[in-house]
Amino acid sequence: MPSRTPSRAGFFALAFALLALFGASPARAADDDSVRTILAQLRDADFDGKTEMIEKLVALDHPRIATILKALSDSRLYYQEEGDRVVIGLGDAADIAIEDAVSGAALGQVGKRDLDRITANNRLRSLIEDRLASLGLASADPRQRKAAVEAFLRNPDPAGAERLRARLAVETDSGIKELLWLALALADLASDDATVRAKAATALGGRMETEIRGPLARMAAEDGDPAAKEAARIALARTEFRLQMLGWAETLFFGLSLGSVLILAAIGLAVTFGVMGVINMAHGELMMLGAYTTWLTQQWLPVNWSLPVAVPLAFLVAALVGIAIERGIIRFLYGRPLETLLATFGVSLILQQAVRSIFSPLNRSVATPDWMSGTILLGPLEVTLNRLVILGFCIAVFALLWLALQRTRLGLEVRAVAQNRAMARAMGVRSARVDALTFGLGSGIAGVAGVALSQLTNVGPNLGQSYIVDSFMVVVFGGVGNLWGTMVAGLSLGVANKLLEPWSGAVLAKILVLVFLILFIQKRPRGLFPQRGRAAEV
Amino acid sequence: MSELISELDAAGMHPPVGPVDATHGILLYLEGVSVSFDGFKAIDNLSLYIGDGELRCIIGPNGAGKTTMMDIITGKTKPDAGRVFFGQTIDLLKLDEPAIARVGIGRKFQRPTVIEPLTVLENLELAMSGAKRLRGLMTTRLSGEERDRIAAVLDRIGLTEHGGRLAGILAHGQKQWLEIGMLLMQEPRLLLVDEPVAGMTPAEMDRTAELLRSLAGSHSVVVVEHDMGFVRSIADRVTVLHQGRVLAEGRLDELQEDPTVIEVYLGAGDAYH
Amino acid sequence: MRLPPWLLSDRAGLVLLAILAIIGVGVPVLNLLAPPDHPLHLTAYTVTLLGKYLCYALLAVAVDLVWGYMGILSLGHAAFFALGGYCFGMYLMRQIGTRGVYGDPVLPDFMVFLNWQELPWYWHGFDLFWFAAVMVLVVPGLLAFVFGWFAFRSRVSGVYLSIITQALTYALMLAFFRNEMGFGGNNGLTDFKDALGFPLQADGARIVLFVLSTLALAGGYLACRWLVSTRLGRVLVAIRDSEDRARFLGYRVEKVKALVFTFSAMLAGVAGALYVPQVGIINPGEFAPLNSIEAVIWVAVGGRGTLVGAVVGAVLINYAKTWLTGALPEVWLFALGGLFVMVTLLLPYGLIGLLRRREATA
């Protein structure tokens, strides 16, 4: 790890060296003269020298330090030859008011020409900013205190360690306490005492911040004391382990996210293909219609409101188109699955071209609402909000569908017709109506899936095609006619895909998953969770 | 051995000598066979023995396991437990469907299954044993012997005049006979016949009964049937299946007196289907 | 010469063969002998276009053999077509030699471009015509055999089989898009120069390719017609209409299926190999699932289970495609989609079925 951020590591080395130099001596109230002495040196020093002087100033416990540093950072610190003193300019005119840098006494107006500016560069300015922040440690405002510790972590301050230790004793805010502890442990890593270093290393093991991993790695590589070195190595190993776990968690999340998309794409098929046995190659295009419905909704409504409206609308649009397909074509082809496949494929071509002719062949961009953009922290894991929302959405759709099939009259009839059409009819189920509604339900879910897809990919006429093979594989893998199977299959395929990706690359991962599926289906033609008995003989 | 054999002999053919060893007079053994689907025991510790040359009828209410039993014998379903032997030596559980067909077991399905776009002749040609190897299949011609064999079977099933017609346009009963004819072309030792007279007119039934009776002796024949009249007309021995096991076995008139049989089967109102 | 009875009874097939004989002779004559301003003159473009149709027709025959006679709806036959095409394309690439942009005597341009140092092992031998010609049969055949053997042995059938054949071609498409595969990635194989020393762009080569396509189609048709006329053909029909019946008759259904599927894939491979030099390019787009399904619809339109119908459908639809994508590009997909729906709903036996019914009622 250290090799990746050499400049930062170098800077830390310098800072730690200084820390070692000064950190041991206790801070004490300084008199004006020592400040003046340092200021005099500051005037002539080059930038490296200035860095040193700034650290010296910060180490002095003097009430004017913050003002002086601020002035230096703002290029308002001058040397006045007449009087041989360092002053602070107030204002930016040709004639400005000045005050003594150390005492703060007003010294009247002088011409700028009589002053010699003490220059600072950006590096010095950022150093000053951090030092000023760390001086805010005593502030009553917890945010300022936090900023002070963070400034220290970014850019450890030789004198700061003592201040931090003092603060840790009285700090009440647990977050800041933790941060303080961290900062101190980090400072201890540079201690002269090997036992202190080893203890600090052990304490820091498992922390994933780069600011900590850098020094630890260096210590594990270079520390002269074998015990300390070993402690650093173990600490690093713990960190690596946690990083790895985090990596796995991240992969898992991406896998689940992909899985949720697969499930959304496949779940409608699980109804039309799985429950009814109808193979609908236009399923992908129904998703596409859902995505275009989302786009259209956004033309009329503000983006933030569009999705809640688009979901029912997309369901309706896709369901109606689906019912039209069922009534117009599929019902004449029941019992002839291969013909159904061909006819619905024709429908998919027509829908694609229709969208191309109406909306243009170009992709439409669907905006993401504010409440779905950005990222959110789940513990140490940073996840994109839209993927999280879609994961939740997928679960909701699944749950609703499950309830619809298990708890409603239509669901009962659907299952009855699926199991034994003749018997269901004999019991008074109007099977034609049930067929149409079931197909409408499956199609509507495809439309809803399209809304979700519009948040992840480009919305174009080819949207459906890219999902059709995948979604059939999910249904078949899970076991036709088994909703839970579809869920498990979708999630596991999603995760498998993402697990393979870092090793093989995205395209190869997809190919491998496909090949696996092809082999799997040959081994278990009825999927993971097959239905058995006579009903399964499609 | 009777008619068919002599007919075939006359045509210069011999019945399959094969490795079937029925020296103890039993051709088919089912012992302790069980199979369940999702917890439902379709066949439950079933034991059944079919004698060489016997004509056996199997009856039982719907769901008694008749078709599942046929599936097990022909290799379509593998049982969870039990042994199924063809003769003394052939373990049917180790064979798949084509192999079982080749050792000499023919099966007629419940629904008549003939290949409708082919002619009656072609259906019989398709079923002809000895043509199953690839080399035998790569020909468009029939040899003289083959022609004679087909003619003999055509005559036996009474379809001689329909040889050139498409199987799809035959009457229902004729399709059933054609399917039995296809079985005969396989030269099996054992015929499993599932509901041969479903949907037949009484006259057709009589002819079918005659056909099946003529097969017994040279073949073992197992007939699953619902029609009691038909069963009475053909069977010497009848086995009653119930809930996957043998409930009773014997002559039909004896069974009809048996109170348990009356209760589960005849009493169920399912006897005359 | 007496025709064997199986051919003699196939009237439609005889008509088809006669037409193939006529165009096999007539097209070259009209191209070479009729002067360019003569109304009957056929341009080289037209000859190549016709040759392309014939290749598609051979693919359709291959699809019809497995779908029409054996009931296997393969949605992946374009994969075998493309593999045959790639095999021959590899030969053509190797023939370019130093005439490529980078002038490497061994490596094709795209490999030089990718900084490859040596030829991948699977490119070896493709500089030999006979080797490539054998591979045109072996590669699609082997894939079909292995795939079919596993699929049929586990009794994957019906729509499940259709879906996994589609997944197969889809996976191959993704794979061939990858540069690392060593088949030119996106761009595929192109810029061919010559075959067996004859420049492909020359009129003579186009004529030869056209005649070869005619012969291949005629040969493929005859082979399939003979096959379905044998006892094996009846077994195929039995498998299509009642797989269980065939099995209980003692046929090893999976073996028969795997064999015929393999043979069909080889035919498709030959069609692809003839197609590539005529169009001058092969790229992963040929694996697209849509291509396979289009081939199926050619067969459906012509009439499945007739072989002749496959040829008729392939030529008619591709002619319509050429014409429509030129004149009314927007309409083409509507027309194709509508065709899928109409044929399955209204014309289950295709055009040939329609003709036969006319004949039967007349």
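Within every chain, numbering begins at 1; the chains are lettered A, B, ... in the order of the sequence lines, protein sequences first and strands thereafter. These values consider heavy atoms only, across backbone and side chains, with no hydrogens, waters or symmetry-generated copies.
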Student: Do I297(C) and F345(A) come close enough that some side-chain heavy atom pair is under 4.5 Å?
Tutor: no
Student: Select one option (side chain, backbone, both, neither) describing which atoms of I329(A) are under 4.5 Å from chain C's heavy atoms.
Tutor: both
Student: Against chain C, label L514(A) side chain, backbone, both or neither, depending on which of its atoms sit under 4.5 Å from a heavy atom there.
Tutor: side chain
Student: What part of L519(A) is in contact with chain C, defined as an atom under 4.5 angstrom from a non-hydrogen atom: side chain, backbone, both or neither?
Tutor: neither
Student: Need one label for V469(A): side chain, backbone, both or neither, based on atoms under 4.5 Å from any heavy atom in chain C.
Tutor: side chain
Student: Does any backbone or side-chain atom of L341(A) lie under 4.5 Å from a heavy atom of chain C? Answer side chain, backbone, both or neither.
Tutor: side chain
Student: Name the region of F152(C), side chain, backbone, both or neither, that has any atom closer than 4.5 Å to a heavy atom of chain A.
Tutor: neither
Student: By a 4.5 Å heavy-atom criterion (distance strictly below it), what part of L75(C) contacts chain A: side chain, backbone, both, or neither?
Tutor: side chain
Student: Can you confirm whether more than 12 heavy atoms, excluding those of F150(C), are under 6.0 Å from its CZ atom?
Tutor: no
Student: Can you say whether L342(A) sits under 4.5 Å from chain C via the side chain, the backbone, both, or neither, judging by heavy atoms?
Tutor: both
Student: Go through V159(C) and L338(A) one step at a time and tell me if the side-chain contact (heavy atoms from CB on, under 4.5 Å) criterion holds.
Tutor: CA-CA 6 Å; V159(C) 289; L338(A) 298 183; 4.0 Å; yes
Student: Would you indicate whether Y334(A), at its atom OH, is surrounded by more than 12 heavy atoms from other residues, nucleotides or ligands within a distance under 6.0 Å?
Tutor: yes
Student: Do the non-hydrogen side-chain atoms of F332(A) and T344(C) ever get within less than 4.5 Å of each other?
Tutor: no
